[in-house]
There are 2 protein chains.
Amino acid sequence: MSPTQARSTTTRARILSAAQAQFAKDGYERATIRAVASLAGTDPALVIRYYGSKEGLFAAATHFDLCLPSLDHVAHADIGETLVRHFLALWEGNPADPSLRILLRAAVTHAEAATRIRGLFAEQVLPAIRVVAPDRPALRAGLVASQILGLALCRYILEVPPLVDMKPDDVIACIAPTLQRYLAAPLDGGFTANA
Amino acid sequence: MSPTQARSTTTRARILSAAQAQFAKDGYERATIRAVASLAGTDPALVIRYYGSKEGLFAAATHFDLCLPSLDHVAHADIGETLVRHFLALWEGNPADPSLRILLRAAVTHAEAATRIRGLFAEQVLPAIRVVAPDRPALRAGLVASQILGLALCRYILEVPPLVDMKPDDVIACIAPTLQRYLAAPLDGGFTANA
DNA sequence: GGCTTAAGTCAACGCATGTTGACTTTTGCG
DNA sequence: CGCAAAAGTCAACATGCGTTGACTTAAGCC
């Protein structure tokens, strides 16, 4: 790669990084191309040249992977805890991946972002859960998603007081048994009778 | 009330109703005063005259009450189910109250809406839960909120496939035991050791 | 009936946005 | 060096927004 190509690559990366920061902070509609360019130390026109449009920039800023661990070699009793721990690390890791924050902030008003989240669910969460919960995996994965996303919403977006201040290990201790039940509860009896 | 006052009251109500519909559908930033006025069959200027600004219109469109039932006369074992059932009715009732949908859609990017949700939590959810779970009520209420909001997010906003298609009674059967555990689980042992 | 006040309408302003095209600067290569 | 292509910059456009003020219409009251 020639030096001049390297420079453009660097600029593109700076723009993408700035875009992720702005989308994560302000959501899709409040984030502006001008603010992204300013944060990246460049020009709005360059942002458009490299990413085509605001939509294209958003798509590029949210291409990522949940990196779910394979659950089939985890002790059955530890699957719930493994899942919460993984998602907490995703949100709070150093550096934290901003993509989930971006996606969650945007998905509420942006149809394509919502589709993307459903895609993550169908292509990454559901398959991982299918291998450890072969009966009604979609239902179980959906319940897991509702608790995980609800936790993320309250802790990282809405900042509901008791949840935002908890230590990660305490969050794990509270949430893990819920996921464990969603994954392992028998279908007859106390779970869901019909359907 | 004179007929002319009655007319203005009707118009104000039509505007408010249209605003709720638009905010619920599009979120705060995508909803426009012009669209609200058009849906209400009136003029944008009138919207501003009656509600001062877009912020004022939003504030008026989200003044509401969770109408939580008093839990102190519910059998202990039924509190979880009572709560889910109540929130499901709030979202799906006929007519469904659009306020929660509006608030959830907006809170993700609108600071004041997020504050409003925290206010609902502190002033309505927390007190109701305090009377049935006197030890660490804030923690328990926070966990309940995370599951309820996560369910609402997945079922009504993101429309994650397995959750959006479930019958209300099945949702209740799945979620109620989770809330029950959050409210009634002993603090030592499997819940959260320290903190 | 005519005057006062409120209800409703219209056109316009100022502003911020995404996006475009022409321009200038820098780089790589013969 | 000198040219071609790429990287980067600038000013401007068109559009849609919230909001404003002047205007017109209708209603209530003496």
Side-chain angles (χ1 to χ4, degrees), chain A residues 1-62 102 105-106 109-113, chain B residues 1-62 102 105-106 109-113:
Chain A
M1 178 157 59
S2 71
T4 170
Q5 283 174 334
R7 184 156 63 104
S8 89
T9 301
T10 302
T11 302
R12 263 210 286 267
R14 272 214 324 278
I15 291 174
L16 193 66
S17 172
Q20 289 181 323
Q22 290 297 101
F23 282 137
K25 180 163 76 76
D26 294 336
Y28 182 79
E29 18 266 337
R30 286 176 121 99
T32 68
I33 300 264
R34 283 168 161 85
V36 168
S38 166
L39 186 62
T42 179
D43 194 273
L46 213 55
V47 176
I48 296 288
R49 237 231 317 257
Y50 285 150
Y51 293 96
S53 66
K54 189 179 181 181
E55 282 291 335
L57 180 64
F58 180 77
T62 55
I102 299 172
R105 270 243 157 81
T109 49
H110 197 273
E112 200 192 329
Chain B
M1 180 157 56
S2 71
T4 170
Q5 284 175 334
R7 185 157 62 105
S8 90
T9 301
T10 303
T11 302
R12 262 210 287 268
R14 271 214 324 279
I15 290 174
L16 192 66
S17 172
Q20 289 180 324
Q22 292 295 102
F23 282 137
K25 180 163 74 76
D26 293 336
Y28 182 80
E29 17 266 339
R30 287 176 120 98
T32 69
I33 301 264
R34 283 167 160 87
V36 169
S38 166
L39 186 62
T42 179
D43 194 273
L46 213 56
V47 177
I48 296 288
R49 238 232 314 259
Y50 285 150
Y51 293 96
S53 65
K54 188 179 182 181
E55 281 291 335
L57 180 64
F58 179 78
T62 56
I102 299 173
R105 271 241 157 81
T109 49
H110 197 272
E112 200 191 328

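Lettering of chains follows the sequences in order, A, B, ..., and the numbering in each one begins at 1. No hydrogens, no waters, no symmetry mates; every other heavy atom, side chains included, goes into these values.
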message: Could you measure the distance from the CG atom of B:L57 to the OG1 atom of B:T62? Nearest 0.5 Å is fine.
response: 9.5 Å
Contacts table for residues 32-43 of chain A: side-chain donor-acceptor under 3.5 angstrom, sequence neighbours left out:
unit_1 : atom_1 : unit_2 : atom_2 : d
A:T32  : OG1    : A:A35  : N      : 2.9
A:D43  : OD1    : A:A45  : N      : 2.9

statement: Those residues at least two apart in sequence (or on a different chain) that pass side chain to side chain contact (heavy atoms under 4.5 Å, CB included) with B:E29 are A:E29, A:R30, B:T109
Neighbours of DNA chain C within residues 26-39 of chain A, by heavy-atom distance under 4.0 Å: A:A31, A:T32, A:I33, A:R34
- line: For B:A106, the side chain to side chain contact (heavy atoms under 4.5 Å, CB included) test, sequence neighbours excluded, returns B:Y28, B:F58, B:H110, B:A113
Separation of atom CG in A:D43 from atom P in C:dG21, rounded to whole Å: 15 Å
message: Quick check: closest heavy atoms across B:I102 and B:A61, and the distance to 0.1 Å?
response: CD1-O, 3.8 Å
- prompt: Residues from residues 14-25 of chain B sitting under 4.0 Å of DNA chain C, heavy atoms only?
  reply: none
message: For a quick test of reading the model: is some side-chain N or O of B:S8 closer than 4.0 Å to OP1 or OP2 of C:dG8?
response: no
message: Let's see if you get this right: which residues in residues 47-60 of chain A place a heavy atom under 4.0 Å from DNA chain C?
response: A:I48, A:S53, A:K54
- request: Mind checking ring-ring contact (aromatic ring centres under 6.0 Å, His included) for B:Y51 and listing every partner two or more places apart, or none if nothing turns up?
  value: none
- prompt: OP1 or OP2 of C:dT9 sitting under 4.0 Å from any side-chain N/O of B:T42?
  reply: yes
message: Going by the rule salt bridge (Lys or Arg N to Asp or Glu O under 4.0 Å), which residues pair with A:E112 if we only count those two or more places apart in sequence or in a different chain?
response: A:R116
message: Test: salt bridge (Lys or Arg N to Asp or Glu O under 4.0 Å). Region: residues 47-61 of chain A. Which pairs qualify, not counting sequence neighbours?
response: none
query: Which nucleotide in the set C:dC10, C:dG21, D:dG8 lies at the smallest distance from any side-chain heavy atom of A:A45?
result: C:dG21
query: Say you draw a straight line from CD1 of A:I15 to OG1 of A:T10; how long is it, rounded to the nearest 0.5 Å?
result: 11.0 Å
